[in-house]
Amino acid sequence: MPIVLYWLEPDGAGDWLPCCEEFADGELSAALKGAEERRRAGCPHVTISTELASHVGKPGVAAVEAGRTPDGEVYEWSKAGRAGKVRRGRA
């Protein structure tokens, strides 16, 4: 279940029931349409959770260590090089 749409619906007694609908990887447009329909219907806490197979790393991956990912691939990305030169001495 790579895409899940969650929302709450009234149960008729003043409480809310949690509901969900599952979508396949390629059905993001359908999930977004479903979310819009539920929001227009007045359902609160409408949210989409995704875990697309092509965009999620191995389970349990917590860190890059010694410049390599847990599967041994070299990881060279650095935020420091992307932000530009740090300006010192300016208030």
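Heavy-atom basis, side chains included; hydrogens, waters and symmetry copies ignored.
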| remark: When every non-hydrogen atom of Phe23 is compared with those of Pro2, the smallest separation belongs to O-CD, 3.6 Å

| side-chain contact (heavy atoms from CB on, under 4.5 Å) between Leu8 and Cys43, intermediate numbers included | CA-CA 6 Å; Leu8 296 177; Cys43 297; 5.9 Å; no

| Gap separating the CD atom of Glu27 from the CG atom of Leu32, nearest 0.5 angstrom | 11.5 Å

| task | Can you measure from CD1 (Ile48) to CG (Leu28) and round to the nearest 0.5 angstrom? | result | 6.5 Å

| request: Report the distance from atom CZ of Arg38 to atom OH of Tyr6, rounding to the nearest 0.5 Å. | output: 13.5 Å

| field | Arg68 CZ to Tyr75 OH distance, which is reported to the nearest 0.5 Å | value | 14.5 Å

| said: Any non-hydrogen side-chain atom of Pro10 less than 4.5 Å from a side-chain atom of Trp16? | reply: yes

| field | Distance, nearest 0.5 Å, that separates CG of Leu17 from CH2 of Trp7 | value | 11.5 Å

| note | Minimal heavy-atom distance between Ala24 and Ile3, with the atoms involved, is O-CD1, 3.4 Å

| query | Between Gly34 and Leu5, which heavy-atom pair has the shortest distance, and what is it? | reply | C-CD2, 3.6 Å

